[in-house]
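What you see below is based on every heavy atom in this structure, not just the backbone, and it leaves out hydrogens, waters and symmetry mates. By convention here, the first residue in the shown sequence is residue 1.
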Amino acid sequence: MTGRTRRRVRRAAFFLTLALVSVPVLFVFYWMVLTSLKPRTIVTAYPPAFLFAPSLENYRQVLGGTPFVAYMANSLIVGIGATFAGLALGLPAAYSIAKFRQLRLAVVVLVSRMAPGIGYLIPWFMLFTQMRLVDTHLALILTHLILTLPLTIWIMVPFFEDLPRDMEEAALIDGCSWYGVLWRIAMPLTKPGAVAAAILSFIFSWNNFLFSVILAGRNTRTLPIAVFNMIGYEEINWGPLAAAATLITLPVIILTLIIQRHIVTGLTFGAVKG
C-alpha cells in the first residue's frame, strides 16, 4: 500500500474505533432524555416507543413537586466551596511535594484517594454529630475535600516540577518567601493546571452521592439526592427519574463542552518538558 492509502486506513480504523466506543455511551444519554420526554403511560411500554408526542410532564413534576431548585443551590454551594478549599490547601501541598520532595505526603494523599469513601463515613458522622455539623454545608464541603484535595495535588505536582529553578532562586534572593514564590511566580506560570484542577474538582463534587445521602439533611440535600428520591419502596418513577437525571447531567455536559479546550490544555501543559 502507498503512504496515502495507509493513512486513510489508519484514519478509518480510528473513527471506527471511536464510533464503537462512543455509541454505547451516547445511547445511554439518548435513552435518558427520550424517557424524560415520554408520557407516563408509555414510559415502560414494551416494545419501547420511539415515536410519540413529547411531554414535559416529568419535568413539571420534578421542578414543581420537589425542592429541586434548593437542591441545585446546595450543590452549587458545596461544589464551589469544596473546589476553593481544595485549591487553597492543594496548591501549597503540591508545591511542597514538587520542590521539597515530600514523598511521604504524596503517598498519604494517594492512599487517602484510593481508600473507599464509605470508610470515612462512620468517623465523619460521629465527629460531625458531636460538633453538631450534620445537615450543614460545612460538613459536606469538608467531606468533599477527600475528592477535590488529592485531585488538585496530583494534577499540580507535574506543573510545579517543570518550573525553572532559576526564577525561584532569583525571587528568594530578592527577599521573597517560599509562599511569595508560590503565589507570585509559580501560580501565574501554572494557571492552566489550576483551571483544569478546579473544573474537574467541581465536577467530581457535583456528582457525588455517597456523602450527601448520609451527612445531608432536609436543608442541605444536593442534586444526586433528587434522583434517589424518585426511587420508592413500591415503584420506580422512571419518567421523573430520567427528567431529574437529565437536569443534573445537562449542566455538567454543557460546562465540559464549553471548557474542554481549557481542560485538555491544562492536563497536557505540565506533561511537556522543555
Side-chain angles (χ1 to χ4, degrees), residues 1-38 42-56 58-59 62 72 75 79 83 86 110 113-114 147-148 150-159 161-162 189-209 223-224 226-227 238-274:
M1 291 190 298
T2 64
R4 179 177 295 182
T5 303
R6 284 195 296 268
R7 286 194 297 270
R8 289 179 177 176
V9 171
R10 287 196 295 266
R11 188 180 181 87
F14 170 76
F15 283 107
L16 179 60
T17 304
L18 182 63
L20 291 176
V21 173
S22 302
V23 166
V25 177
L26 294 176
F27 180 78
V28 172
F29 289 102
Y30 164 76
W31 190 255
M32 179 178 66
V33 175
L34 191 72
T35 303
S36 70
L37 296 173
K38 288 182 178 181
I42 63 172
V43 167
T44 57
Y46 185 83
F50 290 92
L51 297 177
F52 56 89
S55 171
L56 298 178
N58 295 319
Y59 290 94
V62 170
M72 180 173 291
S75 288
T83 299
L110 181 61
R113 186 64 185 93
M114 294 173 61
L147 306 171
T148 61
L151 183 64
T152 300
I153 291 174
W154 282 102
I155 288 178
M156 293 304 299
V157 165
F159 286 86
E161 288 178 339
D162 289 344
L189 296 176
T190 58
K191 189 178 295 184
V195 172
I199 293 169
L200 294 176
S201 295
F202 179 80
I203 292 175
F204 273 73
S205 177
W206 178 275
N207 291 331
N208 183 265
F209 168 78
L223 280 176
V227 176
W238 291 108
L241 178 65
T246 302
L247 291 173
I248 294 174
T249 308
L250 196 59
V252 176
I253 294 176
I254 294 175
L255 178 65
T256 304
L257 292 177
I258 293 175
I259 60 180
Q260 60 178 333
R261 182 172 59 182
H262 299 284
I263 297 177
V264 174
T265 301
L267 294 178
T268 57
F269 183 82
V272 178
K273 299 284 184 179

Which atom names give the shortest non-hydrogen contact between [X] and [Y], and what distance separates them?
X      : Y      : answer
Tyr59  : Leu37  : CE1-CD2, 3.8 Å
Phe159 : Gly193 : CZ-CA, 3.3 Å
Thr35  : Trp238 : CG2-O, 3.9 Å
Ala243 : Val62  : CB-CG2, 4.0 Å
Ser205 : Leu147 : CA-CD1, 4.4 Å

Can you tell me how far apart [atom1] ([X]) and [atom2] ([Y]) are? Round to the nearest 0.5 Å.
X      : Y      : atom1 : atom2 : answer
Arg10  : Thr5   : CZ    : OG1   : 10.5 Å
Thr148 : Ile153 : OG1   : CD1   : 9.5 Å
Ile248 : Ile253 : CD1   : CD1   : 12.0 Å

Using the side-chain contact (heavy atoms from CB on, under 4.5 Å) rule, take Phe204 and Thr83 through it: C-alpha gap first, then chi angles, then the decisive distance, then the call. CA-CA 9 Å; Phe204 273 73; Thr83 299; over 6 Å; no
Val252/Phe202 under side-chain contact (heavy atoms from CB on, under 4.5 Å): CA gap, chis, key distance, verdict: CA-CA 9 Å; Val252 176; Phe202 179 80; 6.0 Å; no
Do any N or O atoms from the side chain of [X] and from the backbone of [Y] form a donor-acceptor pair under 3.5 angstrom?
X      : Y      : result
Thr249 : Ala245 : yes
Ser75  : Leu223 : yes
Lys38  : Ala49  : yes

Pairwise side-chain contact, Val23 with Tyr30, heavy-atom cut-off 4.5 Å (strictly under): no
Going by the angle between their ring planes, with limits at 30° and 60°, are Phe27 and Trp31 parallel, tilted or perpendicular? parallel
